Number of protein chains: 2
Amino acid sequence: MATIKDVAKKAGVSVATVSRAINDKGYVHEDTRKLIDEAIRELNYKPNEVARSLFNKKSRLIGLILPDIRNPFFPELARGVEDEMQAHGFRLIIGNADEQLDKEIDYIETFKLNNVIGLISASTNAVLSQYKSLSFPLVLLDRTSEEHPSVHADGYAGGRLAARELVNRGSSRITLLKGPVEFQTARDRFKGAVDELYSANVEFDVMTTASFAFQEAEYWAKELFEKYPDTDGVIASNDVVAAAIIHEAHRVGKKMPEELQIIGFDDIPFSQFLYPALSTIRQPAYDMGREAAKLLIKQINGEKLESKRIQLPVQFIERQTTRKGDHHD
Amino acid sequence: MATIKDVAKKAGVSVATVSRAINDKGYVHEDTRKLIDEAIRELNYKPNEVARSLFNKKSRLIGLILPDIRNPFFPELARGVEDEMQAHGFRLIIGNADEQLDKEIDYIETFKLNNVIGLISASTNAVLSQYKSLSFPLVLLDRTSEEHPSVHADGYAGGRLAARELVNRGSSRITLLKGPVEFQTARDRFKGAVDELYSANVEFDVMTTASFAFQEAEYWAKELFEKYPDTDGVIASNDVVAAAIIHEAHRVGKKMPEELQIIGFDDIPFSQFLYPALSTIRQPAYDMGREAAKLLIKQINGEKLESKRIQLPVQFIERQTTRKGDHHD
DNA sequence: TCTGTATGTGTAATCGGTTACACACAAAAG
DNA sequence: CTTTTGTGTGTAACCGATTACACATACAGA
């Protein structure tokens, strides 16, 4: 690989001049600039990011921490972040914390030691002390925070919405699945649903699904029908769990949506392919990713943030696991 | 952040000694070592990876290029790579090329300029000139190569297997979906299926699905039933496409598996939740990831590779989109 | 006593960039 | 004609690590 010295020699100038030319800082004569550009092209020179980063204490890398890359919701977030970063010349590196604290700490450390210029975390453990001592900006994604800028969907409204739609469509013995307590969004949507059900004066049971992972989703589904065999409406903690429930419902012979309505949460791409296609509360994952990226870029550029907490709306996506309701507009 | 100088000062030695102590190179007196350890602990010192990397021209980072993070098959691969790397003290950074050439080139460049110590690529464009001029080892994942070590599943056998199972289970007007030509694995499994169908002397049509993405899968599914309304067996190019076909089959009122059998490819976690649950050819994605990681680590350590091309077996997973067959053992 | 080897440590160069500062020169201002 | 200001460029220090090399000491064997 060619270095700045090679370029300087070839162009017959000093490295300082080359550096100035590259970075458009200070004066460089038009003619010298041409010489340098020429040398750069001939040698196919690319500035060494590591050396730059060592001096500047900043790279062009953005770190993104995801709690579980296998849950399709998170790749969707990542795509949003990536596209926005791409457009601004930043590079995204993804760390998959796998819902494990030590992995997450490892990644934060790795990001620090590699001088990332900013960090977006969609992790559950955002309260970590590691997040306090960062020398670069942090944006929390898919959760809120007092201390840091954040982007999230309106989980509470989503929970209310899910409950309302289910009730309006005639379910009366509802089972409400509560996601892992660590996930703030899970708590929000749970609370939303509870509040709505209370105020609608509808009976409901609560079951906790202590994880969002595929492997365990099947287990929750089985547990659901054992504990509450005559439930006629399920508000699932997310789409993965909802998928497992649909599957199990078929197995135990429940007709959907006639005998059992189900509403998921997230609207991952797969939900439309389920049978019956899953009615769900959509989170605009891609947009959330983009917004988080924008927020981070603003901070990196030292701009003032007019709003530190961006909340995006959720939306009911009507498909086949809910009946036609007497729909209030 | 504390630097090596701070540690040296606190321990009352030179930076060289500290460096030797940290890296266990050269002589360091037991007593001095203790002093240094003590200083490191007190200052909470962590060597700056960027500075190290600048000198050594190596980091502890491994790059992984995925063609599409949204296809659940790839996160699964990534998890395998990650777990193995984690165990060896390497850090994984993921780049999502999004099946776009320029993004992929960008990522290779980013990885180079950040001194990754090795690269695993599951991209379609492994023929790229960028891959030739690497100064660090490369392992190709989910595809083969003459020039580079690679890990892949036996797509050809998978194609044959899919065709054989479908024929054995009584489909006679088979439609064979051909995945994107860029994907070598897609070509392999296509060829396997073709060979098997020829030798079994079974009629079949071919339809090309020029992408594996969700958004388009639905389109292929519709096209399938328009073009070949009386097909009674589909060999899908992957599970995502298969999911779309199941969905569409419901819509047009085909009974599965009685009137229509479907076999997918990959066995992504979602396949079990489809209705009917998808019979598919399983690729051991997680293991593939691990093997690729092992291969890369061996190269990094300068070990001899006994085999440069690792092929993992595929497996027929019988679920509900295929009928009970007169099963030859 | 002299030489050779093993042990322990520090100085300074190096990796590939960036930038403060000094200096040279030209044109404009006084 | 001197002073100021704006351009243009090079020298060298610096970012935070690693390591070649020099040097000092201790102890062995001759």
Side-chain angles (χ1 to χ4, degrees), chain A residues 1-40 43-61 109-117 135-136, chain B residues 1-40 43-61 109-117 135-136:
Chain A
M1 273 258 186
T3 72
I4 198 171
K5 271 188 203 155
D6 303 327
V7 175
K9 196 179 294 172
K10 180 146 221 152
V13 296
S14 75
V15 293
T17 306
V18 177
S19 177
R20 278 189 292 261
I22 295 172
N23 299 297
D24 258 327
K25 277 185 186 162
Y27 298 111
V28 178
H29 193 95
E30 204 40 53
D31 298 349
T32 4
R33 173 163 270 135
K34 283 213 181 87
L35 283 173
I36 291 171
D37 286 349
E38 178 63 18
I40 288 178
L43 295 171
N44 188 28
Y45 166 76
K46 302 259 164 58
N48 181 317
E49 290 283 345
V50 175
R52 277 188 157 172
S53 161
L54 176 59
F55 187 91
N56 294 326
K57 304 191 173 160
K58 306 188 158 181
S59 66
R60 304 173 66 215
L61 298 177
E109 208 57 50
T110 301
F111 288 159
K112 267 192 207 173
L113 295 178
N114 285 282
N115 283 345
V116 297
I117 197 179
S135 56
F136 43 79
Chain B
M1 270 256 185
T3 73
I4 198 171
K5 269 187 204 156
D6 303 326
V7 175
K9 194 179 295 172
K10 179 146 222 153
V13 295
S14 76
V15 293
T17 306
V18 176
S19 177
R20 278 189 293 259
I22 295 172
N23 299 296
D24 258 326
K25 276 185 186 161
Y27 298 111
V28 178
H29 193 96
E30 202 40 52
D31 297 349
T32 7
R33 174 163 270 136
K34 283 210 182 92
L35 283 175
I36 292 172
D37 286 348
E38 178 64 17
I40 289 178
L43 296 171
N44 188 27
Y45 166 74
K46 302 259 166 55
N48 181 318
E49 292 284 345
V50 176
R52 278 187 159 172
S53 162
L54 176 59
F55 187 92
N56 294 326
K57 304 191 173 158
K58 310 187 156 180
S59 66
R60 307 174 63 214
L61 299 176
E109 208 57 51
T110 300
F111 288 160
K112 266 192 206 172
L113 295 179
N114 285 283
N115 283 345
V116 298
I117 198 178
S135 56
F136 43 79

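Order of the sequence lines fixes the chain letters, A, B, ..., with proteins taken first and strands second; residue numbering starts at 1 for each chain. Both backbone and side-chain heavy atoms feed into the values below; hydrogens, waters and symmetry mates do not. Here the structure is a predicted model, which means the values were calculated and not measured.
- Listed candidates were D:dA20, C:dG17, C:dC15. Nearest to the side chain of B:R20 is D:dA20.
- Whole-Å rounding puts the A:E49 CD to C:dC15 C1' distance at 16 Å.
- When side chains are defined from C-beta on, A:V50 does not count as touching B:L113, because their heavy atoms never get closer than 4.5 Å.
- The distance from atom NZ of A:K5 to atom P of D:dG10 is 15 Å, rounded to the nearest whole Å.
- Of the candidate nucleotides C:dG17, D:dG8, C:dG8, D:dG8 has the atom nearest to the side chain of A:Y27.
- Note that CE of A:M1 and CG of A:D6 are 12.0 Å apart. Values are rounded to the nearest 0.5 Å.
- Contact detail for A:L54 and B:A51: the closest heavy-atom pair is CD1-CB, 3.7 Å.
- Distances from the side chain of B:S19 to the nucleotides C:dT18, C:dT9, D:dT18 place D:dT18 closest.
- Here B:R52 reaches the OP1 or OP2 of D:dT18: one of its side-chain N or O atoms lies under 4.0 Å away.
- Checking A:R52 against A:N23 by side-chain atom types alone, a donor-acceptor pair falls below 3.5 Å.
- Spacing between atom CG of A:N114 and atom P of D:dA17 amounts to 13 Å, rounded to whole angstrom units.
- The A:F55 side chain lies nearest to C:dG17 when the options are C:dG17, D:dA17, C:dT9.
- Between C:dG17 and A:N56, no contact under 4.0 Å exists linking OP1 or OP2 to a side-chain N or O.
- The phosphate of D:dG16 has neither OP1 nor OP2 within less than 4.0 Å of any side-chain N or O from B:T3.
- For the pair B:K57 and C:dG16, the criterion of a side-chain N or O lying under 4.0 Å from OP1 or OP2 is met.
- Between A:K46 atom NZ and C:dG17 atom P the separation is 12 Å, expressed in whole Å.
- Using a 4.5 Å heavy-atom cutoff, the side chains of B:N115 and B:F136 are not in contact.
- Contact check, B:S53 against C:dC15: no side-chain N or O comes under 4.0 Å of OP1 or OP2.
- One interatomic measurement links the two molecules: CG of A:L54 to P of D:dC14, which rounds to 14 Å at whole-angstrom precision.
- Taking atom NZ of A:K25 as the reference point, atom P of C:dC21 lies 15 Å away to the nearest angstrom.
- Per the geometry, CG belonging to B:L35 stands 13 Å off C1' belonging to C:dT9, to the nearest Å.
- Per the geometry, CD belonging to B:E30 stands 13 Å off P belonging to C:dT7, to the nearest Å.
- Across all strands, B:V50 comes closer than 4.0 Å to no nucleic acid atom at all (heavy-atom distances).
- Taking side-chain N and O atoms only, B:N48 has no distance below 4.0 Å to OP1 or OP2 of D:dC15.
- Among C:dC15, C:dG8, D:dT11, the nucleotide with an atom closest to any side-chain atom of B:T32 is C:dG8.
- The side chain to side chain contact (heavy atoms under 4.5 Å, CB included) test applied to B:A16 returns B:S14, B:R20, not counting sequence neighbours.
- Of the listed nucleotides (D:dG10, C:dG17, C:dG8), D:dG10 has the atom at the smallest distance from the side chain of A:T17.
- With the nearest nucleotide of DNA chain C identified for both B:V13 and B:A51, B:V13 has the one nearer the 5' end.
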